[in-house]
Amino acid sequence: MSRIAYVNGQYVPHNDAAVHIEDRGYQFADGVYEVIAVVGGQLVDEEPHLKRLGYSLDEIEIEWPVPPAALKAIFREIVRRNRVNDGIVYLQVSRGQAYRDHAFPQDATPALVITARSQAPKIAVRQEGVRVITTPDERWKRVDIKTVGLLPNVLAKQLAVRAGAYECWMVDVQGHVTEGTATNAWIVSDQKELITRQPSHSILNGITRQTVLEIAQSANYRIVERSFSLQEALEASEAFLTSTTSWVVPIIQIDDTRIGEGAPGELTRHLQAQYDAYTAAL
Ligand code: PDD
């Protein structure tokens, strides 16, 4: 079956889908994006994703390309046309096409691309847990904005791939873990406290992160939103990561150090099951 993409008002075959060579997303990474999970044909946490898109657009002063209600209609149509039952919707908005000049163009129209594809987190990864490596966080200081400027994330993820690891955690100059290249970072202390970094300009406030926090709150877990050092993570009894594409994934090793028993932790397992149940019930 051929894939279909949405580009600036039209549904086109994926292979023919294109934006202009002077699109500012292409030339300056002057654009933002969202990835929304589709589970059983339903969009997971659509509203929070749209809210975060609004935030990203506002922060870099790009207008909504179409109103949120129209985006919702396109999401459903792109999911339908690509027959996605379990997968993702990808949305990107750039400042548009303009004569190359760093300053904002006077008259550019934001460019909108939306795609959908089938995929699901790997069962072995979810069941057995994964290894992460670490690297200095070399990104800019506003990673709370979900921009397409992801080169440091790409390079860090490639380090992980080369090391045979699933993800790379980035560590700030204070020695604190910020987040993964495309995932948020969590640890569980030996006091059974669930610890994840507080939202700030230094992390992307993941939508999965927010949903998992709500689930943990309802389950009466002790939650502490604060920075944690790499050393603290190495000594944690459990660790895991969250994202739209991975959901909840246990971490069993960080760099060369085994975490806890070197197997997925009990609290992680519980949150993973609860999150799965949440998406399955949508
Ligand atoms: N990445 N941190 C970063 C740097 C991310 O890029 C992402 C998501 C997350 C998790 O956010 P959420 O739970 O809203 O997916 C954290 C997406 C999936 C990506 O770039 O493919």
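Indexing begins at 1, ligand by ligand and atom by atom, following the structure's order. Only heavy atoms go into these numbers, but all of them, side chains included; no hydrogens, no water, no symmetry mates. Since the structure is predicted, the reported quantities are computational estimates derived from the model, not experimental observations.
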Do the side chains of [X] and [Y] get close enough for a salt bridge, i.e. N-O under 4.0 angstrom?
X: Lys72; Y: Glu47; answer: yes
X: Glu34; Y: Lys146; answer: no
X: Arg269; Y: Glu266; answer: no

Exercise for review: Indicate the ring-plane relationship of Trp186 and Phe240, choosing parallel, tilted or perpendicular according to the 30° and 60° boundaries.
Suggested key: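 Aromatic pair Trp186/Phe240 classed parallel.
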Notebook entry, point to check: Does NZ or CZ of Arg117 fall inside the cone over Tyr90's six-membered ring, less than 6.0 Å from its centre and within 45° of the axis?
Noted result: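 Because its charged atom misses either the 6.0 Å distance or the 45° angle limit, Arg117 does not stack over Tyr90.
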Pairs under 3.5 angstrom, nitrogen or oxygen on both sides, ligand 1 versus protein: list them out, please.
residue  : atom   : partner : partner atom : Å
ligand 1 : 1 (N)  : Lys146  : NZ           : 3.3
ligand 1 : 1 (N)  : Ala182  : O            : 3.4
ligand 1 : 2 (N)  : Glu179  : OE1          : 2.6
ligand 1 : 13 (O) : Ile207  : N            : 3.3
ligand 1 : 13 (O) : Thr208  : N            : 3.0
ligand 1 : 13 (O) : Thr208  : OG1          : 2.6
ligand 1 : 14 (O) : Arg52   : NH1          : 2.9
ligand 1 : 14 (O) : Arg52   : NH2          : 3.0
ligand 1 : 14 (O) : Ile207  : N            : 2.8
ligand 1 : 15 (O) : Thr244  : N            : 2.9
ligand 1 : 15 (O) : Thr244  : OG1          : 2.6
ligand 1 : 20 (O) : Tyr33   : OH           : 2.6

**Study point:** Heavy-atom pair of closest approach, residues Leu194 and Val188
**Key:**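 Minimum heavy-atom contact is CD1-CG2, 3.9 Å.
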